[in-house]
Structure formats: structure tokens, C-alpha cells
Protein chains: 2
Amino acid sequence: MGTTGRRPGAYVCGIDAAMDLIGGKWKVLILWALHERPCRFGELRRELPGVTEKVLASHLREMEADGLVHREAYDEVPPRVEYSLTARGVSLNEALEPLGAWGRANVPGMSPAPGQMREDDDVPLVTGAA
Amino acid sequence: MGTTGRRPGAYVCGIDAAMDLIGGKWKVLILWALHERPCRFGELRRELPGVTEKVLASHLREMEADGLVHREAYDEVPPRVEYSLTARGVSLNEALEPLGAWGRANVPGMSPAPGQMREDDDVPLVTGAA
DNA sequence: CGGTATCCTGGATGATACTG
DNA sequence: CAGTATCATCCAGGATACCG
């Protein structure tokens with residue numbers, strides 16, 4: 001699933017183990033969107049400009065299998081499904097924090113034109129949770 | 001270069017910006033190895049079981065271009081080249097710390113058989129650099 | 001030793017169409 | 001709305017061979 005293709009328990013260090021869970025092209029963005037608020041499938045799709053249903057669904061299923069995302073299906077008509085982060089997902093997101101900060105500080109092309117940016121770029125910076 | 005293919009400055013958040021720099025299959029491992037000590041090309045190759053020269057060279061060139069790795073070529077016979085981390089590389093490595101800790105704690109298949117593991121799994125945890 | 005030059009492949013990603 | 005099914009594509013990564 002990940003980027004490394006090193007899945008079968010042959011990880012060299014914790015980082016590439018974690019990387020395998022977020023290696024998908026949209027996974028950190030999903031984590032990101034979901035950490036804001038639970039989202040329905042369609043909402044999520046709108047949050048991630050350019051993702052296709054197939055890929056989104058597939059990523060979501062993988063992340064669910066990895067225990068990062070919780071899927072709640074309501075048996076209604078029309079159907080409604082809500083995705084949210086599990087505690088594990090939240091903690092992963094927090095572990096990703098410093099990397100995000102580093103990227104914001106060190107990667108050019110991050111400074112977005114005002115009105116063009118996602119304001120939610122300032123994150124909680126929690127340290128107490130899992 | 002990265003995993004996202006979102007390079008041209010169209011990053012959604014700092015995390016995927018950073019991810020783009022470490023998305024290569026061996027990049028975090030290179031960062032990892034180099035944070036231990038500067039390495040020659042051949043050493044590096046031995047550190048990363050399974051990497052090919054082409055890919056290693058290519059990753060190294062990208063990381064050099066990204067300002068993460070410094071390449072020092074000594075004009076000797078036989079040729080000698082030493083790779084080391086730049087301050088930027090060191091700081092990225094540090095930003096990766098929490099993710100590594102998360103992976104070690106949360107991903108099964110990480111608990112290595114004694115003697116099979118890399119003991120260098122405990123890292124400096126420096127906070128003052130870069 | 002420290003690479004570069006080619007060719008090739010798998011699998012992740014994308015496009016499109018269809019369904020309960 | 002929330003997906004699944006199929007087919008097409010792209011390219012990072014790998015294999016191999018050769019060079020200064």
C-alpha cells in the first residue's frame with residue numbers, strides 16, 4: 001500500500017513503517033481534512049481537488065484497515081456515510097505536525113496567495129494525546 | 001520526485017510539501033544512515049539492503065538539489081566521494097522524529113528480533129539545530 | 001570506486017461508465 | 001449519495017551493462 005513496498009514487516013525503522021501508512025498520494029490530505037471535522041464521502045472529494053472516487057474510496061478503505069479512519073454508515077435513503085479519524089489517526093496526525101511545520105518553513109511554493117490558501121494551516125499543536 | 005506528484009508549488013499543506021522531499025523509496029533511509037555519520041557511496045549502498053546504484057545515485061542527486069544532502073568529492077585515485085547531511089537535512093530528520101516514534105509504537109512488524117534490529121533506533125532528539 | 005546509459009516492469013493513479 | 005467495475009497511463013524503481 002505504501003510507497004516503500006516494504007510492507008511485510010521488514011521495516012528498517014519506525015519512520016518508513018509510518019510512511020507506509022501515509023504513502024498514498026492523498027492520504028495525508030485525507031488525514032488533514034478529517035482532523036478538521038468528520039466528512040461525508042462527497043465532502044471529502046470536494047476537499048481534495050483532483051482526486052477520483054476510485055482512488056478516494058481505495059485510500060479510505062486502506063486507512064480504515066490500518067485503523068486510522070472510522071467509517072460510519074447510516075442506513076438511510078439517500079445513503080449517508082461519515083468518515084472520521086480514530087484515536088490512532090489523530091495521534092498519527094499529531095506525529096505529523098513537526099513535519100508539517102518543517103514543510104511550511106522550509107519548502108518554497110508553500111506561501112499561498114491570500115484567499116488562495118487553506119487557513120486551517122495553523123494546527124492545534126497538541127502534545128498530550130496518544 | 002515525491003510521491004504526490006504535486007511538486008510545482010501546488011502544495012495543499014506543509015506536510016505534503018515535506019512528503020515530496022522524502023517520498024522516494026529510500027530517502028528516509030538515506031537521511032537515517034547519513035544522520036549517523038557521513039558515508040561514501042559504496043557504504044551507503046551497503047547500508048540500504050536492496051537499493052540499486054541507479055536509484056541510490058538518483059535519490060542522492062535529488063536530495064542534493066533539495067538541499068538536504070551535501071556531496072563532497074575528493075579528487076583522488078581511486079575516487080572518493082562523501083555524502084553528509086546539510087543543516088536542512090538534519091532539521092528535516094529531526095522533524096521526522098515523532099513520526100518515527102509513532103511508527104515504532106504503533107506499527108506491528110517493527111519489533112525486531114534482537115540482533116536483527118538496528119540499534120541506532122534511538123536518536124538524538126536534538127532540538128537546537130537548524 | 002563511483003557512477004551513467006538503457007531497457008523494462010509493476011502497481012499506483014486516473015478516466016469513464018454504471019449501480020443500489 | 002456513495003460507491004464499484006474496467007480500462008488506460010504514467011513513471012518510480014529495478015536489472016544489466018558499460019565508463020572515467
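Each chain gets a letter, A, B and so on, in the order its sequence line appears, and its residues count up from 1.
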Between [X] and [Y], is any pair of side-chain heavy atoms under 4.5 Å apart?
| X | Y | result |
| --- | --- | --- |
| V107(A) | W102(A) | yes |
| R80(B) | R40(B) | yes |
| K25(A) | V55(A) | no |
| E94(B) | H35(B) | no |

Any protein N or O atoms within reach of nucleotides 3-10 of chain D? Criterion: under 3.5 Å, listing atom names and distances.
from: dG3(D); atom 1: OP1; to: R71(A); atom 2: NH1; distance (Å): 2.3
from: dG3(D); atom 1: OP2; to: Y83(A); atom 2: OH; distance (Å): 2.6
from: dT4(D); atom 1: OP2; to: R61(A); atom 2: NH2; distance (Å): 3.0

Which angle, rounded to 10°, do you find between the first-five-pair axis and the last-five-pair axis of the helix from dC1(C)-dG20(D) to dG20(C)-dC1(D)?
50°
Any side-chain N or O of H59(B) less than 4.0 Å from the OP1 or OP2 oxygen of dA12(D)?
no
Quick one: is R40(B) getting a side-chain N or O under 4.0 Å of the dC1(C) phosphate, OP1 or OP2?
no
Whole-Å distance separating the [atom1] atom of [X] from the [atom2] atom of [N]:
| X | N | atom1 | atom2 | result |
| --- | --- | --- | --- | --- |
| E76(B) | dG3(C) | CD | C1' | 16 Å |
| M63(B) | dA12(D) | CE | P | 16 Å |
| L56(B) | dG13(D) | CG | C1' | 13 Å |
| E43(B) | dC1(C) | CD | P | 11 Å |
| K25(B) | dC11(D) | NZ | P | 19 Å |
| D75(B) | dG20(D) | CG | P | 16 Å |
| L48(B) | dG13(D) | CG | C1' | 14 Å |
| R45(B) | dG14(D) | CZ | C1' | 13 Å |

Taking the basic N atoms (NZ, or NE/NH1/NH2) and the acidic carboxylate oxygens, is any pair closer than 4.0 Å for E47(B) and R37(B)?
yes
Do the side chains of E62(B) and K27(B) get close enough for a salt bridge, i.e. N-O under 4.0 angstrom?
yes
Residues 81-90 of chain A, side-chain donor-acceptor partners within the protein, below 3.5 Å, at least two apart:
from: T86(A); atom 1: OG1; to: G67(A); atom 2: O; distance (Å): 2.6
from: T86(A); atom 1: OG1; to: L68(A); atom 2: O; distance (Å): 3.1
from: T86(A); atom 1: OG1; to: R88(A); atom 2: N; distance (Å): 3.3
from: T86(A); atom 1: OG1; to: G89(A); atom 2: N; distance (Å): 3.0
from: R88(A); atom 1: NE; to: D66(A); atom 2: O; distance (Å): 3.2
from: R88(A); atom 1: NH2; to: N106(B); atom 2: O; distance (Å): 2.3

Between I22(A) and the options L31(A), L29(A), N93(A), the side chain to side chain contact (heavy atoms under 4.5 Å, CB included) test singles out L31(A)
Minimum heavy-atom distance R104(B)-E97(B), with the two atoms named
NH2-O, 4.3 Å
Using heavy atoms to find the nearest nucleotide of DNA chain D for V51(B) and R80(A) separately, return the residue whose nucleotide is more 5′.
R80(A)
